Amino acid sequence: MTSVSRMLRRGIPSFTVAMALSFTGAAAFSTAPTTEVVPVVRGEAVVALPAAEFGHELEAKIVLERDERDSIAIGAGAELRLSVKNRFDAEARVTYAVEFVDEFGFEVDRPAMSDVFVVPARDSAPVEIELPPALEEGFYLARITVAARSGDESADDMIEQGLGVVDGEALLLTDEEWLEWSNANGGF
Amino acid sequence: MKNEAISKIVAPTIGAGLGAVAGLVLFALSAVGGAAPSTPPAPVPATPARPGHAAMVPEREGRGDQEPAVPAPAPAPAERAAPAALAERGFERRTIGASDPLPRDEGEWQGMLVDQSIRAACDTTARCGLAMACVEGACGACVTDDECGAGEACVLDHCVPERNVECRTRHDCRGEELCVLSGYSDDLRGNGSMSAFCRPMDGGDDAEAETPYVAPPEDAEFDPRPVRVEDLLERLDGAP
Amino acid sequence: MKTRTKEAVRALLLGALAFFTLSTAAEAASGVVRGRLRFYQNQGNYCPSSRTCTAARYRQADYNINSPVRDVKVYLVAEGGGVLGQGTTNANGDYQISWYKFTWWGGSPGRARIEWYGEHRDGRFALKTSAGGRWVFWTPYSTLTDGTTASNRQNLGTRTWGSSSSPNALANLYDGAVRMWRDALNSSNRMRNSFTGVEIRAYDGTTCPTSCANGANKRIIIDSSTSAYRPQARVMHEMGHIASYLSKARRACVDYTFGGNNGWSMTSQEWACAGFEEAIATFFGDRAIYWQASPQPTSCLSSGVCPNSSNVETSTGSGSCAAGEARQPITAVRYLRDLYDSVDETNDGNRFGYSRFFDALARFDNGSGNRAADEPWNWWGTSLDDRDGRSARDFRAHIEGLTGSSTSSNYTNNCSPTGD
């Protein structure tokens with residue numbers, strides 16, 4: 001056996017092991033952040049956020065929850081059905097105000113304020129907003145602002161509910177749809 | 001006879017035809033008028049008069065905080081009926097597509113990337129705002145100094161006054177410093193006071209006294225909202 | 001000349017005449033326009049006149065007035081499409097644009113309007129739709145006047161977005177981001193070098209029910225139009241998260257479940273990593289409204305005025321801390337605020353410049369060891385193994401290392417925020 005072949009017989013296995021070790025070590029020592037999704041328990045549901053996400057932000061202690069329907073038939077008795085949720089640990093005294101404007105900001109109806117009412121701790125109450133009866137085709141915005149006091153603490157929330165009225169129906173728009181379709185983003 | 005007819009009819013026709021083609025080309029150019037974003041023609045509303053101040057809510061008489069997380073919201077519906085219904089009625093969307101920033105070497109400063117999706121029409125570089133160069137009839141990023149105006153240099157895709165150029169790339173700077181642009185200025189070209197310089201990572205402007213608060217102009221009229229959170233809280237305080 | 005040749009020459013001359021006639025009919029129009037853009041200011045969290053607003057950058061006098069749309073890119077867009085010119089607004093909302101357009105038969109240049117898309121003039125950030133497209137803020141069309149010049153500009157007037165009866169939430173959101181840049185982040189060289197091309201997507205309440213930020217993607221998601229009126233706890237706070245990430249890239253603290261509660265509030269008890277992360281983002285954002293000499297900086301989630309109880313300058317004081325107060329994010333916020341402010345300097349002699357806080361974050365080493373950027377995570381980055389790591393205590397070590405100053409008094413006077 002030549003000296004070269006002897007060297008190869010010894011060298012190749014050693015080289016192979018060395019390379020395998022170095023690759024393994026490089027992989028182990030890698031510190032690049034992963035995009036591992038780590039489940040986080042939030043309330044009754046698990047919300048998964050990527051590891052690079054920051055987002056468990058503050059939530060108000062009084063929250064208005066939207067009407068989940070897609071549309072409402074226009075006419076007598078037509079109303080938005082929202083709810084107000086009290087997240088204080090004690091009962092809260094609550095009041096809200098309602099404004100109706102068109103897509104150019106003109107009032108459709110006078111702003112109105114509700115009576116003060118009480119919502120028990122960690123409980124909800126319905127908020128029913130009657131729509132103006134004779135809305136012509138076009139775009140409108142119902143803005144509902146709520147405020148609450150519980151002991152020494154206070155909180156507030158607001159919903160801007162866009163409406164697209166077509167064929168006697170008020171389509172309930174998302175915040176994006178309101179901006180996409182109406183003239184709300186016009187400067188005058 | 002036949003040759004004369006050809007001479008009298010065909011030749012002038014060819015000549016006029018060439019002229020017509022040239023005219024059509026120029027007409028087409030004028031109709032285009034420069035690269036445009038995909039903004040659909042929007043319905044033109046009549047300019048409304050400003051809404052008058054809303055009537056005060058009766059009983060205007062006289063406070064926000066945080067909360068641990070709450071249940072995850074209900075998932076959004078798979079399809080929304082509203083967009084289809086509105087499109088059917090002829091309403092138009094008022095958004096445009098994403099911007100298209102011109103990439104720059106990763107090692108360089110990533111600020112003020114030039115948006116290639118919007119290019120204004122131009123005849124000369126002097127006409128272009130945002131420190132752009134006029135290239136093939138449209139304002140856009142420069143590549144060479146020649147594309148910029150007299151006395152300007154092309155740095156980080158922008159035309160910068162030569163007198164204000166300290167660097168062109170980070171390799172002209174030391175250590176961790178980056179070659180950066182100071183930002184657009186208010187003149188028509190957008191580069192009158194623009195400079196290219198090396199900026200370190202550490203430090204900054206911490207001398208707050210040098211930047212005092214500026215009150216709004218006196219003619220800025222206070223126009224209160226008809227509904228304010230403070231009004232609602234006062235109502236809560238006043239009610240039994 | 002032979003007849004045939006004459007005919008050919010005549011034809012060519014006729015053609016040339018036609019050519020030049022048609023070509024001179026295609027002309028160009030150009031000019032300069034100017035104008036002003038404003039919006040109705042309805043963001044909460046201003047310093048009310050009932051308080052001492054020394055060093056406050058956003059005050060009651062700024063609220064519910066027509067304010068300038070500042071520092072935005074603007075475009076002159078022809079009716080039917082085509083961008084004719086571009087420029088930016090200044091701090092007063094004023095712009096001027098040089099424009100150019102081909103016309104035909106010497107006709108008028110037609111009508112055009114101003115559009116803006118919520119893009120910061122220097123590319124610091126830009127508003128986007130939830131899908132990454134751009135919102136169009138537009139004006140009515142105006143007839144352009146050909147031949148105007150820089151010294152004789154055509155005035156397109158003042159245009160305002162929103163009113164007292166109907167504020168424009170998106171314009172308010174844009175302004176909140178501008179304020180955060182101008183009055184906070186722009187003080188730091190690290191942010192001037194790094195805070196570029198940040199997307200602010202509005203609105204998406206499904207992906208992020210209360211808004212969120214992704215540092216690696218430089219993306220903020222704002223959940224709803226309501227959040228546009230609560231700048232401190234939303235857009236400014238989220239920009240603070242991006243800023244802290246850009247100072248030092250690292251994995252997020254994803255566990256907010258300390259003590260069984262979920263998410264966080266200023267007074268909830270949290271793992272030290274989560275508490276500090278929220279505190280630093282809050283501190284960064286609060287500075288957009290309250291500078292060093294502010295005696296009563298407040299911080300809250302509200303579209304109105306923050307209550308007095310949300311004051312982040314006051315401290316419970318060493319020895320008077322309530323049980324669990326060390327784990328409350330407000331404790332870490334107060335510690336950070338004390339390092340920065342120039343108020344109540346008894347036993348609190350530090351007054352670090354705002355830019356130092358970003359530089360202190362940059363001193364966290366890579367890795368998952370003590371005082372390192374990924375300390376809460378295991379070596380492989382697959383799970384959390386030290387939820388009290390990368391805390392206010394770790395930050396304290398780095399800012400003391402940077403400044404050479406002890407912050408022991410600031411730390412203990414503010415109930416010693418938890419950390420190992």
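In what follows, chains carry the letters A, B, and so on, assigned in the order in which the sequence lines appear, proteins first and then strands, with residues in each chain numbered from 1. Quantities reported herein were computed from a predicted structural model and do not represent experimental measurements.
When heavy atoms are compared at a cutoff of 4.5 Å, Ser99(B) approaches chain C by way of both its backbone and its side chain. When heavy atoms are compared at a cutoff of 4.5 Å, Glu208(B) approaches chain C by way of both its backbone and its side chain. Proximity to chain C is limited to the backbone of Pro212(B), based on heavy atoms less than 4.5 angstrom apart. Interface remark: Phe137(C) contributes no atoms to any contact with chain B (heavy atom separation under 4.5 Å).
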The test is side-chain contact (heavy atoms from CB on, under 4.5 Å); show your working for Asp202(B) and Arg190(C) and say whether it passes. CA-CA 6 Å; Asp202(B) 286 345; Arg190(C) 196 166 297 274; 2.4 Å; yes
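Heavy-atom pairs under 4.5 Å with chain C peak, among Val214(B), Leu181(B), Thr211(B), Asp187(B), at Thr211(B). Taking Gly123(C), Ala61(C), Ala55(C) one by one and counting their heavy-atom pairs under 4.5 Å with chain B, the maximum is reached by Ala61(C). Chosen from Arg34(C), Arg356(C), Arg287(C), the residue pairing most often with chain B at heavy-atom distances under 4.5 Å is Arg287(C).
Counted by atom type alone, Tyr117(C) and Asp115(B) present zero donor-acceptor pairs between their side chains at under 3.5 Å.
Here the straight-line distance linking atom OG of Ser187(C) with atom CG of Asp206(B) works out to 6.5 Å at 0.5 Å rounding. Distance check, rounded to the nearest 0.5 Å: NE2 of His120(C) to CE of Met112(B) gives 10.5 Å. The structure places CG of Asp183(C) at 10.5 Å from OH of Tyr213(B), a figure rounded to the nearest 0.5 Å. With rounding to the nearest 0.5 Å, the separation of CG in Asp186(B) from OG1 in Thr88(C) is 5.5 Å. Taken from OG in Ser164(C) to CZ in Arg228(B), the straight-line distance is 12.0 Å, to the nearest 0.5 Å. Here the straight-line distance linking atom CD of Glu176(B) with atom CG of Asn193(C) works out to 9.5 Å at 0.5 Å rounding.
Contact of the Asp205(B) side chain with the Arg192(C) side chain is registered, since non-hydrogen atoms from C-beta on lie closer than 4.5 Å. Proximity of Met201(B) to Ser194(C): side-chain heavy atoms (C-beta onward) are separated by under 4.5 Å at one or more points. Residues Ser117(B) and Arg134(C) meet the side-chain proximity criterion, which asks for heavy atoms closer than 4.5 Å.
Remark: Tyr58(C) pairs with no residue by the ring-ring contact (aromatic ring centres under 6.0 Å, His included) rule, at least two apart or across chains.
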